[in-house]
There are 2 protein chains.
Amino acid sequence: MGTSRAACAGRYFGPVEEIDRRIVRLLAADGRMSFTDLAKQTGLSVSAVHQRVRRLEKRGVIRGYAALVDYDAVGLPLTAFVSIKPIDPSAPDDAPERLAHLEGIEACYSVAGEESYILKVRVGSPVELEELLQQIRASAGVSTRTTVVLSIPYEHRPPAIDLSPD
Amino acid sequence: MGTSRAACAGRYFGPVEEIDRRIVRLLAADGRMSFTDLAKQTGLSVSAVHQRVRRLEKRGVIRGYAALVDYDAVGLPLTAFVSIKPIDPSAPDDAPERLAHLEGIEACYSVAGEESYILKVRVGSPVELEELLQQIRASAGVSTRTTVVLSIPYEHRPPAIDLSPD
DNA sequence: GTTGAAAAAGCGAATCT
DNA sequence: AGATTCGCTTTTTCAAC
């Protein structure tokens with residue numbers, strides 16, 4: 001190997017080094033933390049932190065920022081997981097692109113197992129879920145299996161980014 | 001009814017009115033948007049926006065802010081969905097609390113269907129997934145069924161908050 | 001990475017509609 | 001009640017070191 005990468009006793013910590021991981025961890029837990037606070041927490045100057053955050057954004061390590069919302073309060077009280085399977089398994093599998101235009105689909109995961117993708121959807125009511133399922137089937141040529149979410153004990157807990165040595 | 005709530009042709013838009021929904025939508029898409037920009041996008045004064053955002057935070061409509069991170073880059077390249085089912089169905093169901101201390105569990109959904117909860121987990125490697133699954137089974141007295149995520153076409157798309165009339 | 005200064009944004013109180 | 005204007009403070013941002 002020509003390059004020396006971050007590794008430690010068999011555990012690979014990814015291409016982001018210690019201080020950067022601290023920054024990412026802090027911002028994942030509080031996306032609006034100021035550069036001033038970030039500097040205090042990391043022991044760096046404000047400018048140094050600023051520079052690192054911009055670099056992390058540019059490299060795509062930080063992909064963006066989001067407010068975490070109460071979906072009940074904004075009229076989207078119904079969450080569901082929709083597993084999909086192509087009706088014609090020999091057809092090209094471009095379901096994610098075919099579904100990207102549909103509002104209400106929050107995420108699309110390609111998975112191992114019986115089905116090919118799991119979608120996470122948020123809608124306003126059972127009728128809206130029904131309509132969305134019809135659109136999913138029609139748009140992607142798939143069958144669907146839906147698991148309705150009854151309640152959400154917790155969600156979006158900040159990631160357990162490891163801070164061990166490089 | 002004594003109170004008049006937001007309703008429109010059979011569609012209930014939640015307890016958050018038009019302009020507030022605009023604000024929430026904008027912040028969900030860009031959690032670091034400045035109050036100045038927010039004011040421009042909504043046609044309000046900066047102070048008015050400021051006041052509304054604080055109120056939305058206090059009411060819990062905005063629950064927090066988070067940086068969206070590239071999990072591969074920070075050493076958590078393995079995502080999975082873990083469906084759990086109590087081994088003893090007559091025992092009290094407090095799985096969410098019993099699992100809350102475990103790092104690596106990002107979300108916990110109570111669901112309708114064969115299993116009782118779906119967990120979303122992020123770990124660094126297959127071995128770490130194995131260890132986490134053992135901890136889940138031991139901590140909550142459940143059996144697990146795991147669906148490994150192979151790739152993530154998209155995730156955390158901003159919610160389709162409706163902006164129709166109240 | 002650091003310091004330091006200018007520009008921008010955040011924030012609270014008083015005022016007005 | 002809710003929006004606006006006014007100042008002051010903090011943060012952001014961009015120089016040069």
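Sequence lines set the chain letters: A, B, ... in the order given, protein chains first and strands last, and positions in each chain run from 1.
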Ignoring backbone atoms, establish whether B:Arg52 has a side-chain N or O less than 4.0 Å from OP1 or OP2 of D:dA3. yes

What integer distance in Å separates A:Leu44:CG from D:dT12:C1'? 17 Å

Here the gap from A:Thr146 atom OG1 to A:Ile136 atom CD1, rounded to the nearest 0.5 Å, amounts to 7.0 Å

Residues A:Tyr109 and B:Glu155: side-chain donor-acceptor under 3.5 angstrom: yes

Closest-nucleotide ordering on DNA chain C, the 5'-leading residue of A:Val46 and A:Arg32: A:Val46

Taking only the side-chain heavy atoms of A:Arg54 (C-beta and beyond), determine which of D:dT4, D:dT13, C:dA9 contains the nearest atom. D:dT13

Reckon B:Ser47 touches a base, only the sugar-phosphate, or nothing at all at heavy-atom distances under 4.0 Å? base

Establish whether the base of C:dT3 is bridged to the side chain of A:Ser45 by a donor-acceptor pair shorter than 3.5 Å. no

Of D:dT12, C:dC11, C:dT2, the nucleotide closest to the side chain of B:His50 is C:dC11

Rounded to the Å, how far apart are B:Phe35 CZ and C:dG12 P? 10 Å

Value for NE2 (B:His50) from OG1 (B:Thr36), rounded to nearest 0.5 Å, stands at 10.5 Å

Starting at CG of B:Asp37, measure out to CZ of B:Arg32 and round the result to the nearest 0.5 Å. 13.5 Å

Mind calculating the distance between CD (A:Gln51) and P (D:dT13) to the nearest angstrom? 13 Å

Taking atom C1' of D:dT11 as reference, at what distance in whole Å does atom CD of A:Gln41 sit? 16 Å

Check the distance between D:dA3's P and B:Leu38's CG and give it to me in whole angstrom. 14 Å

Whole angstrom is fine here: how far is it from CD1 in B:Ile19 over to P in D:dA1? 18 Å

